[in-house]
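A quick note: this is a predicted structure, and the numbers were derived from the prediction, not measured.
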Amino acid sequence: MWQRMAFVISVVLLGFSGGVLALFVRGMHAGRGAVAGFCFVSALAVVQAWMVASEIAKARRLCGNIRNACYRGAQAKFRAVSLVGLCAIAGGLPLALIGAGSAAQGRFATVMLGGAVFSTIAALTVLPVLIARIAE
């Protein structure tokens, strides 16, 4: 159980790095809106990583090979994790591109977009590889 939480935290940290990178690319500084965006990214990353990690654990119980279980777990949850990330991106894209009423909303949307992209990619690619490497 604690190993699964460590893997989830690694996806959260990768999501945070996506939010920081998005702020840097857009030339914004961290403020209250960015903090709210990081809270959103952490919740999104936890949901996505937990979905993949639990499916990998279920696949590992069915077959003994950890690499095969990681592949099957990521493959089984690809659609669900991708749609969760896509919904977050589609929801924040107009706010980030068109502009918002305040700078805090723009920072929120920027962090949300960068973190959603990175956490989705990390949950589907980095997490299974990390689980396979550590479990061997």
Side-chain angles (χ1 to χ4, degrees):
M1 184 69 162
W2 64 271
Q3 289 175 339
R4 196 179 303 175
M5 286 306 299
F7 294 137
V8 167
I9 289 172
S10 66
V11 173
V12 170
L13 292 176
L14 288 170
F16 280 0
S17 65
V20 170
L21 183 67
L23 282 174
F24 177 73
V25 167
R26 292 203 58 194
M28 297 178 167
H29 66 281
R32 281 181 282 168
V35 171
F38 285 122
C39 291
F40 174 83
V41 167
S42 66
L44 178 70
V46 165
V47 167
Q48 290 175 328
W50 197 264
M51 287 168 51
V52 173
S54 64
E55 189 67 29
I56 288 173
K58 185 168 54 171
R60 187 168 186 191
R61 284 191 300 270
L62 295 175
C63 65
N65 187 1
I66 186 65
R67 285 183 183 233
N68 192 17
C70 289
Y71 175 75
R72 287 177 188 256
Q75 184 182 22
K77 289 297 178 179
F78 179 79
R79 182 181 298 166
V81 172
S82 298
L83 284 177
V84 168
L86 186 64
C87 287
I89 292 167
L93 199 58
L95 186 62
L97 293 180
I98 295 172
S102 69
Q105 291 173 343
R107 286 191 294 269
F108 171 77
T110 300
V111 170
M112 186 179 80
L113 288 174
V117 168
F118 269 57
S119 68
T120 302
I121 292 170
L124 291 172
T125 59
V126 175
L127 182 65
V129 170
L130 190 63
I131 290 174
R133 291 285 182 184
I134 290 177
E136 289 180 342

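The CE atom of Met28 lies 13.0 Å from the CZ atom of Phe108; values are rounded to the nearest 0.5 Å. Within the model, atoms CD of Gln48 and NZ of Lys77 stand 12.5 Å from one another, a figure rounded to the nearest 0.5 Å. The distance from atom CG of Leu13 to atom OG of Ser119, rounded to the nearest 0.5 Å, is 12.0 Å. For the atom pair CZ of Arg133 and CZ of Arg67, the computed distance is 5.5 Å after rounding to the nearest 0.5 Å. Between the CZ atom in Phe118 and the CG atom in Leu21 there is a gap of 5.0 Å [rounded to 0.5 Å]. Interatomic distance, OG of Ser10 versus CE of Met5, reported as 10.5 Å (0.5 Å rounding).
The shortest heavy-atom contact between Met112 and Val41 is CA-CG2, 4.1 Å. Nearest approach of Thr125 to Val129, heavy atoms of both residues: O-CG2, 3.3 Å. Of all non-hydrogen atoms in Ala109 and Gly92, the two that sit nearest each other are CB-O, 3.9 Å. Minimum heavy-atom separation, Leu44 to Ala88: CD2-CB, 4.1 Å. Here the closest heavy-atom approach between residue Gly114 and residue Ala22 is recorded as CA-CB, 3.9 Å. Closest heavy-atom contact between Ile89 and Ala116: CG1-CB, 3.8 Å.
With sequence neighbours left out, Arg26 forms a salt bridge (charged side-chain N to carboxylate O under 4.0 Å, His left out) with no residue at all. Remark: Arg72 pairs with Asn68 by the side-chain hydrogen bond (donor to acceptor under 3.5 Å, both in side chains) rule, at least two apart or across chains. Considering only residues two or more places apart in sequence or on other chains, Asn65 meets the side-chain hydrogen bond (donor to acceptor under 3.5 Å, both in side chains) condition with none of them. Under the ring-ring contact (aromatic ring centres under 6.0 Å, His included) criterion, Phe16 pairs with Phe38, sequence neighbours left out.
In the hydrophobic clustering, Ile134 connects to Phe7, Val11, Val47, Met51, Val52, Ile56, Ile66, Phe78, Val81, Leu124, Leu127, Leu130, Ile131, either directly or through intervening members, whenever side-chain heavy atoms lie under 4.5 Å apart. Chaining together hydrophobic side chains whose heavy atoms lie under 4.5 Å apart leaves Phe24 on its own.
Taken together through direct or relayed side-chain contacts under 4.5 Å among Ile, Leu, Val, Met, Phe, Trp and Tyr, Leu113 and Val117 form part of one hydrophobic cluster.
At a threshold of 4.5 Å between non-hydrogen side-chain atoms, the residues Val126 and Ile121 do not count as touching.
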